[in-house]
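Below: the structure, in structure tokens.
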Amino acid sequence: MKKLIGEPSELVSQMVEGMVHAHPEVYGRVDGVNVICRADGAKSGKVGLVSGGGSGHEPAHAGYVGDGMLDAAVCGEVFTSPTPDMVLEGIKAADGGNGVLLIVKNYSGDVMNFELAAELAEGDGIKVDHVVVADDVAISNKEDRRGVAGTVFVHKIAGAAAASGKSLEEVKAIAEKVASHVRSMGMAVEPCYMPVSGKPGFDLNEEEMEIGIGIHGERGVERKPTSDVDQIVDDLLSHLKKEVDPGEVAVMVNGMGGTPLSELYVTYHFVAEKLEAAGYTLKRKYVGNYMTSLEMHGFSITLLPLDEEMTSYLDAPSAALGFKN
Amino acid sequence: MKKLIGEPSELVSQMVEGMVHAHPEVYGRVDGVNVICRADGAKSGKVGLVSGGGSGHEPAHAGYVGDGMLDAAVCGEVFTSPTPDMVLEGIKAADGGNGVLLIVKNYSGDVMNFELAAELAEGDGIKVDHVVVADDVAISNKEDRRGVAGTVFVHKIAGAAAASGKSLEEVKAIAEKVASHVRSMGMAVEPCYMPVSGKPGFDLNEEEMEIGIGIHGERGVERKPTSDVDQIVDDLLSHLKKEVDPGEVAVMVNGMGGTPLSELYVTYHFVAEKLEAAGYTLKRKYVGNYMTSLEMHGFSITLLPLDEEMTSYLDAPSAALGFKN
Amino acid sequence: MLTIDGMKQALRDAQVGIEEQKDTLTDLDRAIGDGDHGINMSRGFDAVSSILDEEYDSLGALSKKVGMTLMSKVGGAAGPLYGSAFVKMATTFGEAKEADFTLLKEALQEGSNSIKARGKSEVGQKTMVDVWDPFLEHVQQGDDYQKQLDELVQKTEDMVATKGRASYFGENSRGTVDPGSLSSSILLAAIMKEVD
Amino acid sequence: MLTIDGMKQALRDAQVGIEEQKDTLTDLDRAIGDGDHGINMSRGFDAVSSILDEEYDSLGALSKKVGMTLMSKVGGAAGPLYGSAFVKMATTFGEAKEADFTLLKEALQEGSNSIKARGKSEVGQKTMVDVWDPFLEHVQQGDDYQKQLDELVQKTEDMVATKGRASYFGENSRGTVDPGSLSSSILLAAIMKEVD
Ligand SMILES: Nc1ncnc2c1ncn2[C@@H]1O[C@H](COP(=O)(O)OP(=O)(O)O)[C@@H](O)[C@H]1O
Ligand SMILES: Nc1ncnc2c1ncn2[C@@H]1O[C@H](COP(=O)(O)OP(=O)(O)O)[C@@H](O)[C@H]1O
Ligand SMILES: [Mg+2]
Ligand SMILES: [Mg+2]
Ligand SMILES: [Mg+2]
Ligand SMILES: [Mg+2]
């Protein structure tokens, strides 16, 4: 395991410092905690949007902080949900007096820590609600599904709704609409390595790959012999097509962090070809690293069925470095 | 070696197809060749800008095609200079009647192929000139220096100059000013793998890293035991500081393709700290994947001393997907 | 009798135990989770050990501080679960400066319930609940606590997870001990040792 | 006498030779370059072999077509170098339908000069020039061409590169044969075989 880091326990705070130093026009930092907020502070009257989770998913979530998307991102230790006190700082930094919506990926840890923070914030007189994203179709039981790359669409669309002046209830409603329709599935040919322990998330030999991975170095739900990306795309799409009907969709081919962009575009080439042949219209397309898992080599495909409202929010301006519009 | 690709010999054309399909509002493709041009075609009266080289450096170079930057990118086979006939197609696609400037990275192959293309284009009555970028201080002999991540600053600044209506001579002059001042140096802890042969660019054991790598999987000029990124940054900066004096600079921490963004920001954190302590003012900062080497895990640091003119061109608008401004 | 100093000693022992088993906890979590449980617990109990030099008026005050510390240092799923367990125990302990077996057991039972409530979990899902709940249901003063706990931990090996990250592996989660059950047994054993 | 058919045969043999040595060429380039020389040459000679079924009026016409094909298929540094060598040879061959040893040698010498001009390179820099130039300077009809070429290739092993990618390695470029010199020897041997 080789990491380009200093002291592993300082990784997250050094990363956050680096981000804020590099982009002071976009980012501020809540003093003393690993919480990134907007450089210009909470916007008075606007519903605040907070997301976060473990670190290691960059550009998620700090990359989505900026005018038109999130107001704060809470950066936990690598692959470890942030604690309630940290999330509370994020909520305070995002609060513009009109309530705060938390966008939470569906993991026991994240849900519990964000809920605890919401309770603390309510105690401080801040109106808080939350939406849970569970888009990973690799898990068959819907309640247990993980929140993965589809979360970025929730950020973008809810962010644009909040920026347009919608109320907390309205922003929550559109966020839930996205969350309930978006579907993703991922795979990897190489694992990622945990910075503190130095260990890979799983061991794979040269001829194997993992299908249905999570974004925390977890093994997939199935291990298979490696194959052309053409067939891998067939495999992932066969699951996604069961839950998203043909029609107008936004598609995202998301890199897991260690995947060359060339491979993502080759992958996208096959995704587009197959989806169009199956009657889908790719109305919006996103190819790149959006929700990663350190240096994992792999990708995920996300589909979001679109209507007018979601499309216009997707297209709305955004100053977030990870989703410039 | 595990690659997320289909037939290796189709890699570049499938990637190009994927890019154009995903971003039809930005990209067009010259029929039948791996050349990406602007969706809206050459801009009449504007000096055309063409770059390119071997593929495998994505987002370079297609990611820099767009209003305010390049007009065409010529995508050779992976790590192999494109051929003169391909470059000629790029020149034709970029020609708005006021001459075309080629931005060439300093490799025998690139220089020869682009020069041959320029000769062919002149034969077709197109005014062509070129600038060679040789920013890699890992090579001591200046004439032999490779063109690496600093090339992106040449694209951006020359692109903005061309967009502002400057003549071929003027655009070339500013491009040469950037090229003559920009300096870079890179390193890697893991090699990349050639898609056709499946072989790594070099073999490293668990305790080694390469200092002074190129962007084609080449070994570095020095092999060392791995260390904290803190010390690695010291090492690279010691070379760069010899050639760039303290003052106002643009700095780029560029990922080699397989480096997590978290590591790039930790790296940047140390770069910024050390440069500021040494009297440099980081006027503009760029952190991300700009000029990669497939899935290589490593980074490069680029410094460009800034004046008013270069700064304003760096800040000028750009629609290029790899450098949105 | 469990005194304030006894509780402090238990927490110090727990820290040592966690540190010793850090890699095992991480490896278990690596197999059926995300490989951070040892790291999370070690960070949390490190922080706990640094608050033990302070003075506390009551078992309640100490437990509350431990709970808040775990909550804000462990992160992940284990943080809020262990954190709320101690916060809940604090309510039961109240102003008491020491606890007999009955009071301790009652406090731990409240802690266990709080874990189930916060985690929306129950016995049989291959989580730390499978140690806390049956242990507290059956334990009698003077039992071989360690043996009982070891057996409960071992029993999770053959379970299929339906809560937490291990549930993503479905049938494949069988065959590995739940990491949270092991860290729970370390903690509970350390506390029980001090009550006798 | 080298006839048009002889030249075609030479190019077919060169293709076979390149294919056989593809991995060696790539490995040499991997050691002191970027690991694509075998791939580039194989792609180029594949394309060349597919234009050999056409009819050509002269050695010049054939050579020109071969040069253009290599130029547009090989890429990298080798593409323009081999390409311009054949284009230049075409000028020397002109309308001739066959070439004796003297004409062939003259054409190859022009090709060699064109490589040096295009590559701004000279003898001693550990490139293909170290095969072309000395070979054509000394070769006499009836010599053991293969042996001479092999020796020249071998001599590049001990050189330090000052042109092309291998120059980045400085002193470390010593100890590996230059890949371009090996591909050159394959090509030149195949052509020389047909003139006798
Ligand atoms: N909903 C839950 N209820 C009870 N215990 C849980 C629950 N979710 C997880 N756990 C426990 O937490 C342990 C994992 O903790 P940890 O690895 O620190 O957090 P994370 O799973 O967020 O990485 C599991 O082994 C399990 O015992
Ligand atoms: N300037 C030059 N002059 C002569 N020969 C050169 C020059 N540059 C490279 N070569 C030859 O080309 C070979 C490398 O070709 P190839 O690997 O196909 O291209 P690239 O170096 O662009 O990857 C070298 O082994 C060397 O013999
Ligand atoms: Mg975790
Ligand atoms: Mg090459
Ligand atoms: Mg865990
Ligand atoms: Mg090469």
Side-chain angles (χ1 to χ4, degrees), chain B residues 8-9 12 33 53-56 74 76-88 107-117 119-120 136 138-141 143-146 191-203 212-223 293, chain D residues 22-27 29-44 46-47 67-84 87 114-115 117-121 125 127-129 160-173 176 180:
Chain B
S9 64
V12 179
V33 266
S55 291
V74 188
E77 290 301 311
V78 172
F79 294 165
T80 300
S81 169
T83 56
D85 49 321
M86 290 173 68
V87 179
L88 178 62
Y107 302 96
S108 297
D110 288 58
V111 172
M112 287 188 280
N113 285 294
F114 277 77
E115 275 178 2
L116 278 163
E119 289 167 22
L120 295 171
D136 186 357
I139 310 297
S140 39
N141 183 353
E143 271 107 77
D144 294 342
R145 284 185 175 172
R146 302 175 281 218
C192 59
Y193 294 81
M194 299 290 295
V196 174
S197 69
K199 294 187 176 159
F202 44 81
D203 301 293
I213 47 135
I215 54 172
H216 302 89
E218 308 101 306
R219 260 162 53 192
V221 294
E222 210 182 340
R223 178 166 294 193
S293 186
Chain D
K22 183 174 170 180
D23 287 349
T24 309
L25 293 169
T26 293
D27 285 343
D29 196 31
R30 203 167 86 83
I32 55 170
D34 60 351
D36 61 359
H37 190 59
I39 299 161
N40 295 345
M41 292 302 288
S42 145
R43 185 175 52 239
D46 237 42
M68 298 307 290
T69 303
L70 291 173
M71 195 104 79
S72 75
K73 289 295 171 189
V74 177
L81 294 172
Y82 282 119
S84 67
V87 169
S114 157
I115 290 175
R118 194 43 81 189
K120 302 191 181 71
S121 43
Q125 298 185 308
T127 69
M128 57 174 73
V129 171
V160 171
T162 55
K163 269 287 166 198
R165 284 178 201 286
S167 69
Y168 307 145
F169 299 108
E171 262 299 327
N172 288 330
S173 65
T176 304

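Every value quoted in this text rests on a predicted model; they were computed, and no experiment measured them. Order of the sequence lines sets the chain letters (A, B, ...), proteins ahead of strands, with each chain counted from 1. All values below were derived from every heavy atom in this structure, side-chain atoms included, with hydrogens, water molecules and symmetry-related copies excluded.
At a 4.5 Å heavy-atom cutoff, the contact between D:Thr26 and chain B is made by side-chain atoms alone. Of the atoms belonging to D:Arg165, it is side-chain heavy atoms, and not backbone ones, that fall under 4.5 Å from chain B. Contact of D:Lys73 with chain B is made through the backbone alone, with heavy-atom distances under 4.5 Å. Neither the backbone nor the side chain of D:Ala78 has a heavy atom closer than 4.5 Å to any heavy atom of chain B. Of the atoms belonging to D:Ser121, not a single heavy atom falls under 4.5 Å from chain B. At a 4.5 Å heavy-atom cutoff, the contact between B:Glu218 and chain D is made by backbone and side-chain atoms alike. Contacts between B:Asp85 and chain D at a heavy-atom distance below 4.5 Å involve the side chain alone, from C-beta outward.
By the 4.5 Å heavy-atom criterion applied to side chains, B:Val196 and B:Ser9 are not counted as neighbours. At a threshold of 4.5 Å between non-hydrogen side-chain atoms, the residues D:Val87 and D:Met71 count as touching.
The shortest heavy-atom contact between B:Leu116 and D:Pro80 is CD1-CB, 3.4 Å.
For D:Asp27 and B:Lys199, the salt-bridge test passes: some basic side-chain N is under 4.0 Å from an acidic carboxylate O. At a threshold of 4.0 Å, the pair D:Arg30-D:Asp23 does not count as salt-bridged, since none of the basic side-chain nitrogens sits closer than that to a carboxylate oxygen.
Taking the six-membered ring where the residue is Trp, D:Tyr168 and B:Tyr107 present perpendicular rings, their angle passing 60° and hence far from 30°.
Ranked by heavy-atom pairs under 4.5 Å with chain D, the first of B:Gly76, B:Pro84, B:Gly217 is B:Pro84. Interface summary for chain D: among B:Met112, B:Arg145, B:Glu77, B:Glu115, the most heavy-atom pairs under 4.5 angstrom belong to B:Met112. Chain D forms more heavy-atom pairs under 4.5 Å with one residue of B:Glu119, B:Glu143, B:Met86 than with any other, namely B:Glu119.
No hydrogens or angles considered: a donor-acceptor pair under 3.5 Å links the side chains of B:Thr80 and D:Asp36.
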